Structure formats: C-alpha cells, structure tokens
S.K.: 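Quick one: the structure is below, and I'll ask about it shortly.
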2 protein chains.
Amino acid sequence: MPYTHTHRVLVALDCIIFGFDGEGLNLLLIKRHFEPEYGNWSLMGGFLNEGESLEEAAHRIVYDLTGLDNNYLEQFQTFGAINRDPVERTISVAYYALVNIEDQDVNAIRLHNASWISLHKKPKLIFDHDRMVQEALKRLRTKAALNPIGFELLPGKFTIPQLQKLYEAIYDTKLDRRNFSRKVLSTNLLVGTGEKDMSSQTKKGQLYTLNAPEYVRQQQGNFGFLPELIMADDRTMPLSNT
Amino acid sequence: MPYTHTHRVLVALDCIIFGFDGEGLNLLLIKRHFEPEYGNWSLMGGFLNEGESLEEAAHRIVYDLTGLDNNYLEQFQTFGAINRDPVERTISVAYYALVNIEDQDVNAIRLHNASWISLHKKPKLIFDHDRMVQEALKRLRTKAALNPIGFELLPGKFTIPQLQKLYEAIYDTKLDRRNFSRKVLSTNLLVGTGEKDMSSQTKKGQLYTLNAPEYVRQQQGNFGFLPELIMADDRTMPLSNT
DNA sequence: GCAAAAGTGTTCTTTGTACACCCATGA
DNA sequence: TCATGGGTGTACAAAGAACACTTTTGC
C-alpha cells in the first residue's frame with residue numbers, strides 16, 4: 001500500500017566529469033542533439049530508472065559516456081528549484097567524476113556528441129548546469145585538499161611535476177616546486193618505479209605509481225599537499241562565465 | 001508537454017536537528033505515533049510538496065517542529081537505495097540543522113511527540129536514519145573545522161569556555177583551555193560584552209557576542225579552532241549504536 | 001655550452017603544543 | 001581558606017615558506 005501523498009516527481013542525475021590533460025582541468029560536455037535546448041551545451045545526465053539506486057544510475061551515466069566504470073564518483077548536491085527544468089518539475093542529484101583522460105572510450109564520446117572542454121573556456125550550459133559545475137569545483141577543491149583523490153585524474157604512472165601541475169590546475173594557483181615535492185613524498189603515497197618520463201624534452205623526471213594500500217588507508221583520513229588554506233571556498237573560480 | 005520518461009518517485013526530506021545543552025550534542029527525534037514503524041524513533045521528515053523547492057521544504061519541516069525559522073540549515077546528502085523505505089520507493093534529501101536550544105518552541109515539540117536526546121544515547125532509528133545521523137555528524141565535523149558555524153548552536157551571549165565545551169562535544173575530544181582561548185580570540189570573531197556569566201558557580205567568565213560582520217565575512221572562508229586534524233572523517237563516532 | 005626543467009638542502013618564520021602561574025568566586 | 005574554574009604568559013617543537021645550488025637532457 002503506497003503512501004497517500006501524491007506529489008511524485010522525476011529524478012534526474014547530472015554528472016560533472018573532470019579530466020586533466022597535463023595542463024588544465026577539462027569538463028566532458030555534450031552538445032545536445034535533442035529537445036529541449038537543441039544545440040546547446042549541457043552536462044551528461046539522465047533519469048533515475050525503476051529498480052536502480054542513485055549510485056547505480058550515476059555510474060550508468062558516466063559509463064555510457066566514457067566507457068569507464070571504475071572512476072571516482074561522488075554525489076555532492078541535489079538541486080530542486082521549482083523551475084530549474086522548464087519542461088517539467090524535476091529534481092537533479094548531481095555527482096562529480098574524476099576520470100583518467102587516457103582511458104576514455106573515444107567512440108562512446110563521439111557517439112554522444114561530447115567533447116572535452118577546458119574549464120577556462122566553458123560555454124554557457126543549459127538549465128542550472130553552470131551552477132552545478134561551480135559547486136562541483138568547490139567540492140573538488142575542498143575534497144582534494146583533505147584527501148588524496150587527485151591521482152584519479154592521472155595515468156597509472158606519473159611524475160611529481162605532473163602531479164603538481166594537476167594541483168595547480170585544481171586550485172588555479174602556482175606552487176613551489178621544492179616544497180611540493182617534499183610534501184608529497186613525505187606522505188608515503190608514492191612509489192618510485194625507477195623509470196623516467198621519456199616524453200619530457202629536458203631532464204626526464206622519475207615516474208611514480210600510487211602506493212595502493214597506503215592510498216586506500218589514507219582515503220578515509222585527511223592530508224594536504226597544499227600550502228596554507230587554498231581550499232577556501234570563496235576563491236574566484238577559473239570559469240569564463242557562470 | 002512533460003517528459004516521456006515515466007518513473008516518478010516520492011521525494012522525502014529528513015532533517016537532523018542538532019542542539020547543544022551546555023554539555024553535549026543532542027538530536028531532536030520524534031517517537032512516531034503513526035504507521036509505519038509506529039512507536040519507533042525517527043528523524044523529523046516529510047514529503048516534498050508541489051510548488052515548493054527543496055530548501056523551502058526543509059525549512060518548513062524544521063519550522064514545524066521547533067518554531068524556529070532562522071536556523072543554520074545545510075543539505076548534505078541524498079539517500080536513494082531502492083528499498084530504503086519499505087512502503088514505497090522514496091528518495092530522501094537530508095539536511096542538518098543547528099538550532100539554539102533555548103529558542104525552541106516547547107509546544108511544537110511536544111505536539112510532535114519529539115524529544116532532545118543526547119547523541120551518546122541515540123536509540124535505533126527507523127529506515128536508514130541511523131546512517132543519516134552518522135553522515136550528518138561527519139559533515140558537521142568537517143564543516144565546523146573549516147567554518148565558524150559552531151556559534152549557531154549557542155545563545156547570543158556565551159563565554160569562551162562554553163564555546164570550548166561545544167567544540168569538545170562536536171569532536172568528542174578534550175582541548176587545551178589556554179590554547180583554545182588564544183586561538184578563538186585571534187580570529188577576531190568575538191566581541192567582549194563586559195558582562196559576566198552569572199550562572200557560573202565559581203569565577204564568572206566574560207560573555208562574548210559574535211562580531212557579526214566578521215562572522216559573515218568568514219563564513220565563506222576557512223578557519224580552524226582545532227589543533228591538528230581532528231576533522232579526520234574516520235574518527236569514531238560518539239554514537240551508542242549504528 | 002646553454003636553456004629548461006628536475007632533484008636536493010638549508011634557513012627563517014610561523015604555528016602548534018605543553019606547560020606554569022595567578023585571579024575570582026562561593027561554600 | 002580551599003576547591004573550582006577562568007584568564008594570561010612563556011618556552012620548546014613542528015610545520016610552512018623562501019630561497020640557492022646542482023643535475024640531466026636536447027639543441
């Protein structure tokens with residue numbers, strides 16, 4: 001016997017998919033080829049199906065677009081303004097995902113009319129998606145300052161300077177090379193492979209991998225690569241608009 | 001013209017209402033006098049109505065129970081497991097509220113069959129409400145470590161030792177009196193009133209009020225009263241069960 | 001050899017932490 | 001005058017930040 005309360009609404013899920021290309025943070029966005037808002041840019045989303053939890057639906061959506069199913073995926077906020085979707089009352093549970101851009105399924109992405117777009121060049125998005133991106137970035141900054149999740153955006157092997165570039169992108173700032181290196185190594189999260197980064201044109205840095213057990217252990221704890229409190233959540237966003 | 005997608009679900013809101021009684025953190029819980037789960041303990045909740053945003057619905061729910069409408073209220077997670085509500089598929093958007101226990105509307109509370117219960121003595125709650133409390137506390141800890149929101153739980157005038165007791169309750173720890181005092185005063189968030197706390201049996205401490213403009217300014221920023229990283233989110237919870 | 005980027009070390013400053021001591025109050 | 005709790009100071013330890021120097025590589 002169901003509840004007598006009658007107001008049932010559509011539940012959407014929208015995913016802010018972050019990728020890192022070695023220089024800056026990118027978003028995976030789709031150019032809609034369907035109504036409403038045909039031709040405009042949007043986050044990847046979908047509706048909650050029967051017999052599917054929110055987590056499962058979010059995974060499905062990210063998997064459909066990227067072909068990846070082992071991403072970092074975190075729910076961060078639910079948006080429920082009355083007219084946020086002009087078609088019909090819909091509430092949207094928003095997730096952000098961190099994906100390694102090298103592992104993506106290029107065909108799936110092309111099929112959905114999607115592109116990686118630099119955060120600095122983000123176009124205007126439909127509905128309240130601009131705000132979703134802003135909130136996702138805010139959350140990513142707080143989270144990455146306290147937990148070692150940045151690695152999710154990098155390939156399996158990476159150099160410390162590459163890791164630094166990533167953090168500089170997330171916080172839109174410059175960090176001191178020497179202090180950063182010392183701080184990262186002191187966490188015991190990295191294991192040197194002895195290999196060198198052959199893509200470099202100058203001195204080839206050492207490639208590291210994650211110390212997996214230590215990584216899992218520290219996922220629950222807190223840490224910080226960052227000097228001072230860069231994680232303040234009123235810092236200006238590296239967005240071209242909002 | 002609505003979307004063709006057909007799966008529309010009930011949207012509930014559940015509120016974890018925190019109060020501080022001078023000694024420990026308390027939750028405002030209701031003993032249900034209706035089905036399902038008649039007679040069992042539950043968070044205060046309700047369904048989303050037509051023409052009402054999520055924020056508005058959460059405010060309504062807290063207001064109904066406490067008579068207060070100027071609380072700190074923050075959405076923190078949406079729960080959507082398939083069978084989380086045995087009656088019917090329902091997703092629940094959870095909020096936590098910080099209220100000043102002295103301002104409550106005692107009649108409204110009695111009317112709803114509600115009671116303040118110490119976090120340490122929390123009974124088993126219905127559905128997934130235990131987990132909601134756990135997650136709310138985790139969020140409160142992180143938030144209070146970075147933002148000066150603790151004051152929301154105190155009366156307008158309070159002493160520094162009272163504030164310390166509050167933080168000790170939130171983090172279930174002991175803090176050094178002298179270091180705490182120095183740290184708090186250095187934030188410039190407090191203004192001495194010159195008055196003394198006449199309720200004390202021994203030396204009467206000075207009463208302070210919030211430096212309101214500074215408080216608003218620092219709401220967006222970050223700060224920390226706490227030594228070290230007490231905000232680690234894997235610390236044991238001061239809950240009697242879960 | 002030179003420019004560019006990686007790797008390592010050292011100093012100074014700031015912050016955190018652990019204390020000791022004095023003061024105000026009521027019983 | 002004693003027990004309890006508030007208020008202030010100081011000294012040592014740890015962490016953060018600034019900065020100099022060396023090494024590797026491609027041109």
Side-chain angles (χ1 to χ4, degrees), chain A residues 22-23 145-146 148 154 157-169 171 173-209 218 221-232, chain B residues 22-23 145-146 148 154 157-169 171 173-209 218 221-232:
Chain A
E23 285 300 319
L146 301 172
L154 293 173
K157 294 177 183 177
F158 51 87
T159 66
I160 291 180
Q162 281 164 9
L163 183 63
Q164 181 180 340
K165 276 242 162 74
L166 169 61
Y167 275 84
E168 291 179 338
Y171 297 97
T173 190
K174 286 285 167 198
L175 300 172
D176 184 276
R177 191 167 42 90
R178 304 155 279 204
N179 293 336
F180 183 82
S181 170
R182 197 154 17 81
K183 209 162 184 175
V184 168
L185 290 173
S186 75
T187 63
N188 200 31
L189 279 167
L190 301 191
V191 184
T193 64
E195 300 168 68
K196 298 284 174 82
D197 170 25
M198 300 314 270
S199 70
S200 170
Q201 289 302 86
T202 64
K203 177 166 180 177
K204 289 139 168 48
Q206 184 178 185
L207 288 167
Y208 290 83
T209 58
Q218 295 196 19
N222 287 74
F223 94 140
F225 285 174
L226 302 169
E228 202 53 35
L229 285 172
I230 305 230
M231 51 184 168
Chain B
E23 285 301 317
L146 301 172
L154 293 173
K157 295 177 183 176
F158 51 87
T159 66
I160 291 181
Q162 281 164 7
L163 183 63
Q164 181 180 342
K165 276 243 162 74
L166 169 60
Y167 276 84
E168 291 179 340
Y171 297 97
T173 189
K174 285 286 169 196
L175 300 173
D176 184 276
R177 190 166 45 89
R178 303 153 280 202
N179 295 334
F180 184 82
S181 170
R182 197 153 21 80
K183 207 163 187 176
V184 169
L185 290 174
S186 75
T187 62
N188 201 31
L189 279 167
L190 301 191
V191 184
T193 63
E195 300 170 68
K196 298 286 175 79
D197 170 26
M198 300 313 272
S199 72
S200 170
Q201 289 302 86
T202 65
K203 179 169 179 176
K204 288 140 170 47
Q206 185 178 184
L207 287 168
Y208 289 83
T209 57
Q218 296 196 19
N222 288 74
F223 93 142
F225 283 174
L226 302 168
E228 203 52 36
L229 286 173
I230 304 230
M231 50 184 168

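Note: hydrogens, waters and symmetry copies are ignored here, and every other heavy atom, side chains too, is used. The model shown is predicted, which means the values in this text are computed figures rather than measured ones. Letters A, B, ... mirror the listed sequences (proteins, then strands); counts begin at 1.
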S.K.: Would you mind building the protein contact string for nucleotides 8-14 of chain D? One character per nucleotide, 5' to 3', B for base within reach (heavy atoms under 4.0 Å), S for sugar-phosphate only, - for untouched.
M.R.: BBB----
S.K.: Looking at residues at least two apart in the chain, or sitting in another chain, which of them share a side chain to side chain contact (heavy atoms under 4.5 Å, CB included) with A:Ser200?
M.R.: A:Asp197, A:Thr202, A:Lys204
S.K.: Between C1' on C:dG7 and CD on A:Gln164, what's the gap in Å once rounded to a whole number?
M.R.: 13 Å
S.K.: Just the table, please: protein N/O against nucleotides 24-27 of chain D N/O, every pair under 3.5 Å.
M.R.:
residue	atom	partner	partner atom	Å
D:dG26	OP1	A:Lys204	NZ	3.4
D:dG26	O4'	A:Gln201	O	3.1

S.K.: Find the distance B:Gln206:CD to C:dA24:P and express it as a whole number of Å.
M.R.: 13 Å
S.K.: Quick one, B:Leu146 and A:Leu146 - any side-chain contact, counting heavy atoms below 4.5 Å?
M.R.: yes
S.K.: Partners of A:Arg178 by salt bridge (Lys or Arg N to Asp or Glu O under 4.0 Å), sequence neighbours excluded?
M.R.: A:Asp176
S.K.: Excluding sequence neighbours, so at least two apart, what forms side-chain hydrogen bond (donor to acceptor under 3.5 Å, both in side chains) with A:Lys157?
M.R.: A:Glu195
S.K.: Can you name the residues that form a side-chain hydrogen bond (donor to acceptor under 3.5 Å, both in side chains) with B:Arg177, not counting sequence neighbours?
M.R.: none
S.K.: Once side-chain hydrogen bond (donor to acceptor under 3.5 Å, both in side chains) is applied, do any residues pair with B:Ser186, and if so which ones, sequence neighbours excluded?
M.R.: none
S.K.: Please examine the side chains of A:Thr173 and A:Leu175, heavy atoms only from C-beta on, and report whether any two atoms are closer than 4.5 Å.
M.R.: yes
S.K.: Write down the distance between CZ (B:Phe180) and C1' (C:dG16), rounded to a whole number of angstrom.
M.R.: 15 Å
S.K.: B:Tyr208 and side-chain contact (heavy atoms from CB on, under 4.5 Å): which single residue from B:Leu185, B:Val184, B:Thr159 fits?
M.R.: B:Leu185
S.K.: Using whole Å, report how far NZ of A:Lys183 lies from C1' of D:dA18.
M.R.: 14 Å
S.K.: A:Leu163 has an atom CG; how far is it from atom P of C:dA6, in whole Å?
M.R.: 12 Å
S.K.: How long is the line joining CG of B:Asp197 and P of C:dA24, in whole Å?
M.R.: 17 Å
S.K.: Got a sec, which residues hit side-chain hydrogen bond (donor to acceptor under 3.5 Å, both in side chains) with A:Glu23, two or more places apart in sequence or on another chain?
M.R.: none
S.K.: Starting at CG of B:Leu207 and ending at P of C:dA24, how long is that distance when rounded to a whole Å?
M.R.: 17 Å
S.K.: Without decimals, in angstroms, what is the distance between A:Leu175 CG and C:dA5 P?
M.R.: 17 Å
